[in-house]
J.: 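My questions all concern the structure below.
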2 protein chains.
Amino acid sequence: MASPEKQILDAAAALFSTRGYAGTSTRAIAEAAGLRQPSLYYHFASKEEIFARLVGHLWRPALSYGERLTSVDAPPDALLYALLSYDVEALRSLPWRIGTLYFAPELRAPEFAAVAEERVRLRSIYREFTGAGVAAGAFLIDDPGFASNLLFGLTEGIVHMSDIDDGRSPSQWGVEVADYGMRLLAAADPAAARSAGSALREVQRSSR
Amino acid sequence: MASPEKQILDAAAALFSTRGYAGTSTRAIAEAAGLRQPSLYYHFASKEEIFARLVGHLWRPALSYGERLTSVDAPPDALLYALLSYDVEALRSLPWRIGTLYFAPELRAPEFAAVAEERVRLRSIYREFTGAGVAAGAFLIDDPGFASNLLFGLTEGIVHMSDIDDGRSPSQWGVEVADYGMRLLAAADPAAARSAGSALREVQRSSR
DNA sequence: ATTATCTATAGATCTATAGATAATGC
DNA sequence: ATTATCTATAGATCTATAGATAATGC
């Protein structure tokens, strides 16, 4: 039997992501977790704290990985491939439809400025790798700012495809979306980006 | 001076899209529209009716256009180019950040099944044109189902870029995203798709 | 008479706290 | 004594209705 905290967080994740934060009552969370409404407050100080526990680190894994990649000596197309595939795999691995909380209006509130800032930093890493790739002639497009925004938007759009459950595993989603990303950027040598990018992923995986 | 209905809808659009449906009170809407809370009910039967007026037709323009395109005799890459550019232009033309309501959890409620179904139909048109393009050798990818989902996700991701206001007009957004869409699909002849697709847009525009 | 607003308020929530209770561990 | 729950409830909302009021148009 899972701990009460975990049961509360699971119930809240399911409810917040289907009905939204404001549309979910503490009573609904509690009952889904098998408790009475006031018992939540023994484990969490407030409804907002429950939400913060769920969304406080949404971008963290991809951001950490991206930041580590910035100090790796590898071609920019490989770096971007690795980041894209990691990011998408992480999104597809999220439990419930928790990724849809990326777009919860409450996340834009001042209390969650830190979360929003992590998103901005991740986007800027996409931008950096795209720009470096264009400069190096690895991506044959001419507007890295616009293209990297589209690419970032594409990854965020992934969370709305959680209703699509073809048989693909999260890691297959990662590499396939990364392949399409290389097409979108008109990669000069997508096969090289793929193999070098996948190699960077392996390094990541084994260093855990 | 705009009509009270319009002022209410404008206020509600701004509030719903920044705070969400459940997070917006009828009092907040009324006061933003310059009325007292109960006066809303002279114009609308319920809070939900206000929401329905805003989101009831979100996918309609693109869907209508897409359905008209299905009976046009043109190469599939041109059809897809036209649909993509139209869709994105329409999204970038929405007032406020109303497009973010595409993802409001309330839209998944049974009352809005008709809206959700329009989205599904639009997605299936994307799918149809993509499949036809692959069959005709116009798109050099091998999984039209997956690719068209990504493409559709990309357009939906556009609404989250409403904070990005580079100088581009909605129609520039349309053609540029369509250009990137052709890359994503590995179009065999993107320039042809662009010129034929743009021509289809012109026909559309002038027949209004 | 109709239109468009208002004040007042009913009735249903909702979050969070107070304080009782039972079980566990020293 | 501490831990984890419970019942009861305070106090603040929130949606929607009732019914008064003022202005407009026949």
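Sequence lines set the chain letters: A, B, ... in the order given, protein chains first and strands last, and positions in each chain run from 1.
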J.: At a heavy-atom distance below 4.0 Å, which nucleotide of DNA chain C is the first touched by chain A, and which is the last?
T.: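 Counting from the 5' end, contacts occupy C:dC14 to C:dT17.
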
J.: Has the side chain of A:Y21 got a donor or acceptor atom that lies under 3.5 Å from a matching backbone atom of A:E48?
T.: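 Yes, A:Y21 side chain to A:E48 backbone: donor-acceptor pair under 3.5 Å.
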
J.: Considering only NZ, NE, NH1 and NH2 on the basic side and carboxylate oxygens on the acidic side, decide whether A:E156 and A:R119 come within less than 4.0 Å.
T.: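 A:R119 and A:E156: salt-bridged.
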
J.: Side chain to side chain contact (heavy atoms under 4.5 Å, CB included), that's the test. Do A:D10 and A:W96 meet it? Break it down for me.
T.: CA-CA 8 Å; A:D10 276 358; A:W96 313 101; 4.0 Å; yes

J.: What is the ring orientation for A:F152 with A:Y126, classed by angle as parallel under 30°, tilted 30 to 60°, or perpendicular over 60°?
T.: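 Correct class here is perpendicular.
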
J.: With a 4.0 Å cut-off on N to O distance, would you call B:R27 and B:E31 a salt bridge?
T.: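 Salt bridge: yes.
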
J.: Please examine the side chains of B:M161 and A:L150, heavy atoms only from C-beta on, and report whether any two atoms are closer than 4.5 Å.
T.: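 The answer is yes, as the side chains (C-beta and beyond) meet within the 4.5 Å cut-off.
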
J.: Do other residues, nucleotides or ligands put more than 12 heavy atoms under 6.0 Å from the CZ atom of B:R108?
T.: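 Yes, because the 6.0 Å sphere around CZ of B:R108 holds more than 12 heavy atoms from other groups.
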
J.: Counting Watson-Crick and G-U wobble pairs with both distances under 3.5 Å, what is the dot-bracket string for DNA chain D, 5' to 3', using [ ] for crossing pairs and | for pairs to another strand?
T.: ||||||||||||||||||||||||..

J.: Which is it for A:S171 and A:E89 under the side chain to side chain donor-acceptor pair (under 3.5 Å) test, yes or no, and what are the steps along the way?
T.: CA-CA 5 Å; A:S171 95; A:E89 178 176 339; 4.8 Å; no

J.: Check whether the ring centres of A:H160 and A:F103 lie less than 6.0 Å apart, and answer yes or no.
T.: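 Yes: the rings meet the under 6.0 Å criterion.
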
J.: Taking NZ, NE, NH1 and NH2 as the nitrogens, is one of them in A:D179 or A:R183 under 4.0 Å from a carboxylate oxygen of the other?
T.: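 No.
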
J.: Near DNA chain C, under 4.0 Å by heavy atom, which residues of residues 27-41 of chain B?
T.: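 Within residues 27-41 of chain B, the residues near DNA chain C are B:L35, B:R36, B:P38, B:S39.
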
J.: Mapping A:Y42 and B:T24 to their closest nucleotides on DNA chain D, which lands nearer the 5' end?
T.: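 Final value for this comparison: A:Y42.
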
